[in-house]
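The structure appears below as structure tokens.
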Amino acid sequence: PIVFSTINPTLETRTTDATDVTYTYYSNDGTQLATGASYKLPSTAPIKIVATTPASSTYKAGTSEEYAFTPAKVSPSITWSVTDLGSHSVSESPLALTAAVMGKAVGDPDISEWSEINIEYESSDPTIAEVVNGQIVLRKTGIVTITPKIKEGVNNNAASCTGASLTVTCWEQTITWSPATTLKVGGNVAKDATTSGNTAITYTSGNTNIISNDGTCLKAGYTTFTATAAQSEVYCMAETTKDIYVDFTEDAVNCTAAVV
């Protein structure tokens, strides 16, 4: 159970020479819990205190009336100095989290000792980043707020503090593509690129008079042909460009020679 505090009761009045006062602590059903000058409260269950003094040369032994009270729930506060968790790629998942939380109960008599209480973290959008077992799992691009919270329990009130901003950026993807770089008129550029992110790939010619965007070689010359992998919620856009030389076909060469 949560230890709320140490209580130190005092009598409103006592005999002038009674220097030895003993305090005995009981549960609500009369079970004796402890004896001593102080007692650590184990829960919010009602408690009773009885004070006794020994007999002296002047006074008989004395016993006070029962002092009964119910400890209040601890009202915790969360200390977290982080206000910005920065920018992180999906590839960095998961991220570790740290925070310290201390709780203070207010009761009767005064309860002043601090006690640790477990906290949980909550994401403003778990589809972007979700807190799992004290770590942040990054799922896709976006901005979220991560907030430490304490749920209300049997012995404590709920609590939260100002959260920290987290920006999730895309994961860099790579394209694998090795088309032939010397082709003939009428041939086709191999559009067989693959990407680590498995996103859609489009192709673009640097000169559509030489090579069309669909990869068909139209006439002789030099140009570029680019494969572009689309950006997704997880992966960044990527592209790679190849230099392509389109040569005449044999028929075109012979025809030119015949005309000359």
Side-chain angles (χ1 to χ4, degrees), residues 1-83 85 96-124 130-136 145-164:
I2 298 172
V3 175
F4 284 82
S5 73
T6 300
I7 57 175
N8 298 288
T10 58
L11 292 177
E12 293 183 3
T13 59
R14 63 173 64 187
T15 53
T16 56
D17 64 348
T19 58
D20 185 12
V21 180
T22 299
Y23 299 97
T24 305
Y25 307 88
Y26 300 91
S27 64
N28 207 37
D29 63 4
T31 302
Q32 182 174 324
L33 302 173
T35 299
S38 64
Y39 175 59
K40 295 219 180 242
L41 298 170
S43 69
T44 55
I47 193 171
K48 300 175 183 178
I49 306 173
V50 175
T52 58
T53 57
S56 68
S57 59
T58 306
Y59 296 95
K60 295 180 179 180
T63 300
S64 71
E65 295 182 354
E66 289 184 344
Y67 175 61
F69 73 99
T70 299
K73 285 187 176 183
V74 64
S75 295
S77 61
I78 303 174
T79 302
W80 202 30
S81 60
V82 179
T83 57
L85 290 167
L97 274 173
T98 60
V101 57
M102 302 296 285
K104 183 177 181 181
V106 179
D108 181 17
D110 181 53
I111 298 173
S112 59
E113 184 177 90
W114 295 85
S115 305
E116 283 192 353
I117 297 177
N118 292 329
I119 66 171
E120 298 178 357
Y121 296 91
E122 183 177 287
S123 169
S124 59
E130 182 180 12
V131 181
V132 180
N133 297 325
Q135 294 182 316
I136 307 177
T145 299
I146 304 298
T147 304
K149 292 187 176 182
I150 297 173
K151 292 182 178 180
E152 183 176 5
V154 175
N155 298 321
N156 68 276
N157 295 313
S160 65
C161 70
T162 302

For a quick test of reading the model, state the closest non-hydrogen atom pair linking Ala96 to Gln135 and the distance between them.
CA-CG, 4.4 Å

Hey, could you give me the OG/NZ distance between Ser27 and Lys48, rounded to the nearest 0.5 Å?
8.0 Å

Let me confirm one number: the CD1-OG1 distance from Ile49 to Thr35, rounded to the nearest 0.5 Å.
11.5 Å

Residues forming a side chain to side chain donor-acceptor pair (under 3.5 Å) with Thr83, sequence neighbours excluded
none

Which atom of Ile47 lies closest to which atom of Tyr26, heavy atoms considered
CG1-O, 3.3 Å

Rounded to the nearest 0.5 angstrom, the CG-CD1 distance for Asn157 and Ile150 is 10.0 Å

Considering all heavy atoms, the nearest Pro148-Thr162 contact
CD-O, 4.4 Å

Might you confirm whether atom CG of Asp29 has over 12 heavy atoms from other residues, nucleotides or ligands at distances under 6.0 Å?
yes

What is the distance from atom CD of Glu130 to atom CD1 of Ile136, rounded to the nearest 0.5 Å?
11.0 Å

Is Ser160 reaching over with its side chain to a backbone N or O of Lys149, donor-acceptor style, under 3.5 angstrom?
no

Going by heavy atoms in the side chains, are Gln32 and Thr24 under 4.5 Å from each other?
yes

